[in-house]
Amino acid sequence: MSLRLYNTLSGRKEEFVPLVPGKVGMYVCGVTVYDYCHIGHARANIVFDVIYRYLAYCGYAVTYVRNYTDVDDKIINRANERGIDSQALAEEFIRAFDEDMAILGLKKPTFEPRATEYIAQIIAINERLIDRGLAYASAGDVYYSVDQFPGYLKLSKRTMEEMQAGARIAPGEQKRNPMDFALWKAAKSGEPSWASPWGPGRPGWHIECSAMSSALLGETFDIHGGGRDLIFPHHENEIAQSEGASGKPFVKYWLHNGFVNVNQEKMSKSLGNFFTIRDILKKYDPEVVRFFILTAHYRSPIDFSDQHLEDARLGLSRFYEALNGADEVLSRFPVPKQVPCPTLKGDEREVFDRIEMLDERFAEAMNDDFNTALAIGHLFDAVRGVNRIVAENRFEECPLALAVLNDARRKLVTLGEVLGLFASEPAAWLERQKGAGLSSMGIVAAEIESLIAQRLQARKGRDFARADAIRNDLASRGIELLDDKEGTSWKVK
RNA sequence: GGCCCCGUCGCCAAGUGGUAAGGCAGAGGUCUGCAAAACCUCCAUCACCAGUUCAAAUCUGGUCGGGGCCUCCA
């Protein structure tokens, strides 16, 4: 059973064969740091975080590079608006990005280079492209001559005619072809600049990724990822630059994640309908956001809405409730060395087998182009298995059930970690949810506890009308009471 | 205008040739003083039409509906 992934370049799923056995070089386009990240960035970064984790789980030594583009028109414009230095602005949003990603539970990539640290390499690629006749200097700018690169548009699968037919590009005065793009821009006053053979200037948009990826991963590497919207022009231009300069294939597998929509409409900066990660985290647990994103396949569009996040919260709670239930049992019963079960029932066997098979089924799903939605479906099966074993409560006569329960718990946590999920202590996570729910409902725990005590008295006196009145009152305020042998607990509905 | 994607149960969502995963919601049952939670059982033939095939949600053509790219954007 091998990993297959959808390669945008070929337009189909392919078996993953790394260039060097056992190793993977992966580059993912990070952010241009001029503003806070939105939920679309969250999706892209979470998706590739999971891909990174899964490749490592499969035993690959992964070198993961995710860049910061810290020099760009937008950064300069925004800095000028605020009257501050563009490098200071970039620093501010690099920090914000790091904070957001940390809260969302992202693992740190192997390298997080910044464009401005690679100016020398950028200039070297420019020179190389000019030498090879693929680029030309013009009035302090350098442009890529797309006519000279035969493979241009092979990633986005379009033709020059198609592009130009609908293009709203005004031919720049210095460009030979309106499709040509800037590799280097001559400095204007008030802009950051570096010395170059063409005079002071700064890099164009796409060149920084070609420079950083080749410096850290080599001229050819395995996986390059990013959002769909980067296919054209960004990744197309990266190919032209990198392959033009090296004469070698640039990337073996191109992976692109789908968009986040808001109310069925694409969320984008230009439409202004975007939510920042910070806004969302005021309302939702970061793990709920991650769970929501991973319940759909990474290439499908997902629709962001309160309802869908609420659904995700319920789904994730189900996992933590089950883990918590397992913990309670396991804290009461030691897992025995010998695990006989003299009276194993047929359907019990089935439950145990499904848990036994969990790793394989998970891997099978993930091996099919990182199908996290299917993988989570399998994990839900294990949840039902755990709940069932706990409900059966046959640990005295069937120690095997305890061993399987322990096994299931361990597997859920291990596989969950591949997805970046279930890292919290279940009891603590559930407590946090209760706390967060309460603060938005204007009720305090002490009041609930007091009402529970009153209800207990009523029940003792068999005054069930009174007891039920209290329960209904709480229910109408969003608090659910749960009676069991140990007493009464509560949770936020 | 050119190119491309999508349309699966009330909602979300897997499934790309062999007879529809999973979650939420719903119905019935077990448990319970009654509930809740949990467990058990039930709950879709895949927008529409016409083809290809022994066999199609999955392939082809068409229709309708939704969305994207061609411009900064994850």
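In the text below, chain A, chain B and the rest are named by the order of the sequence lines, each starting its count at 1. Only a predicted model underlies this, so the values are computations on that prediction, with no experimental measurement involved.
With rounding to whole Å, A/His235 atom NE2 is found 15 Å from B/C72 atom C1'. In this structure, the CZ atom of A/Arg466 is 17 Å from the C1' atom of B/G33, given to the nearest Å. Distance A/Arg361 CZ to B/G22 P: 9 Å, rounded to the nearest Å. Rounded to a whole Å, the CG atom of A/Asp381 is 7 Å from the C1' atom of B/G22. Rounded to whole Å, the distance from CG on A/Asp180 to P on B/U71 is 14 Å. Atoms NZ (A/Lys157) and P (B/C5) sit 10 Å apart, rounded to a whole Å. Protein atom OH of A/Tyr34 is 7 Å distant from nucleotide atom P of B/A74, rounded to whole Å. Atom CG of A/Asp100 and atom P of B/A74 are 14 Å apart (whole Å).
Taking the six-membered ring for Trp and thresholds of 30 and 60 degrees, A/His234 and A/His206 have ring planes inclined between 30 and 60 degrees apart. In this structure, A/Tyr27 and A/His224 have tilted ring planes: the angle between them lies in the 30° to 60° band.
Applying the ring pair (Phe, Tyr, Trp, His ring centres under 6.0 Å) definition to pairs two or more places apart or across chains, none involves residues 357-378 of chain A.
Of all nucleotides present, none satisfies the Watson-Crick or G-U wobble test against B/C46 with each distance under 3.5 Å. Across every strand in view, B/A57 sits unpaired, with no contact that passes the Watson-Crick or G-U test at under 3.5 angstrom. Under the Watson-Crick or G-U wobble criterion, with both distances below 3.5 Å, B/U19 is left unpaired in every strand shown. The partner of B/A38 is B/U30, by the rule that a Watson-Crick or G-U pair needs both atom distances under 3.5 Å. With a cut-off of 3.5 Å on both Watson-Crick or G-U wobble distances, the partner of B/U71 is given as none. Checking B/C9 for Watson-Crick or G-U wobble geometry (two distances, each under 3.5 Å) identifies no partner in any strand.
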Given protein heavy atoms under 4.0 Å, the one-letter contact record of nucleotides 35-44 of chain B, with B base, S sugar-phosphate only and - none, is simply BBSSSS----
Let me have a per-nucleotide readout for nucleotides 9-14 of chain B, 5' to 3', with B, S or -, counting only protein heavy atoms under 4.0 Å. ---SSS
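Of the C1' atoms belonging to B/A36 and B/U30, the separation is 15 Å, rounded to the nearest Å. Comparing B/C48 with B/C64, their P atoms are spaced 16 Å from each other, to the whole Å. Atom C1' of B/C9 sits at a distance of 8 Å from the matching atom of B/C43, rounded to the whole Å. With P as the reference atom, B/C59 and B/C69 are 25 Å apart, rounded to whole Å. Across the P atoms, B/U45 and B/A20 are found 10 Å apart, a figure rounded to whole Å. Rounded to whole Å, the P atom of B/G61 lies 11 Å from the corresponding atom of B/C4. Rounded to whole Å, the P atom of B/G29 lies 36 Å from the corresponding atom of B/A57. Here, B/A47 and B/U8 have their P atoms 6 Å apart, quoted to the whole Å.
Between A/Lys74 and A/Asp35 no salt bridge is recorded (no basic side-chain N to carboxylate O distance below 4.0 Å). Checked for salt-bridge contact, A/Arg95 and A/Asp100 miss the test: no charged N lies under 4.0 Å from a carboxylate O. Between A/Lys491 and A/Glu431 there is no salt bridge, since no side-chain N of the basic residue sits under 4.0 Å from a carboxylate O of the acidic one. Of the charged side-chain nitrogens involved, at least one lies within less than 4.0 Å of a carboxylate oxygen, so that A/Asp306 and A/Lys283 count as a salt-bridged pair.
Along RNA chain B, the nucleotide closest to A/Ala375 and the one closest to A/Asn261 are compared, and the more 5′ of them pairs with A/Ala375. Heavy-atom distances to RNA chain B give each of A/Cys29 and A/His378 a nearest nucleotide, and the one nearer the 5′ end belongs to A/His378.
Every residue two or more places apart in sequence or in another chain was checked for a salt bridge (Lys or Arg N to Asp or Glu O under 4.0 Å) with A/Lys107, and none qualifies. Residues satisfying the ring pair (Phe, Tyr, Trp, His ring centres under 6.0 Å) criterion with A/His297, sequence neighbours excluded, are absent altogether. Among residues two or more places apart in sequence or in another chain, the salt bridge (Lys or Arg N to Asp or Glu O under 4.0 Å) test is passed with A/Asp98 by A/Lys108.
For A/Asp468 and B/G33, a side-chain-to-base donor-acceptor distance below 3.5 Å is present, hydrogens and geometry of angles not being considered. A donor N or O paired with an acceptor N or O is not found under 3.5 Å between the base of B/G68 and the side-chain atoms of A/Arg228.
Note that A/Arg158 lies in the cation-pi zone of A/Phe232, set by a 6.0 Å cut-off to the ring centre and a 45° limit from the axis. Both tests do not hold together for A/Arg4 against A/Phe16: distance to the six-membered ring centre under 6.0 Å, angle to the ring axis within 45°.
With distances taken from any side-chain atom of A/Arg158 to the nucleotides B/C69, B/G22, B/G33, the minimum falls on B/C69. Of the candidates B/G33, B/U16, B/A74, the closest approach to any side-chain atom of A/Phe259 belongs to B/A74.
Residue-level contact check: A/Val260 touches the bases, meaning some heavy atom is under 4.0 Å from a base atom. Nucleic acid contact class of A/Phe464 (heavy atoms, under 4.0 Å, all strands): base. Nucleic acid contact class of A/Gly227 (heavy atoms, under 4.0 Å, all strands): sugar-phosphate only. Within the 4.0 angstrom heavy-atom criterion, base atoms lie near A/Gly258.
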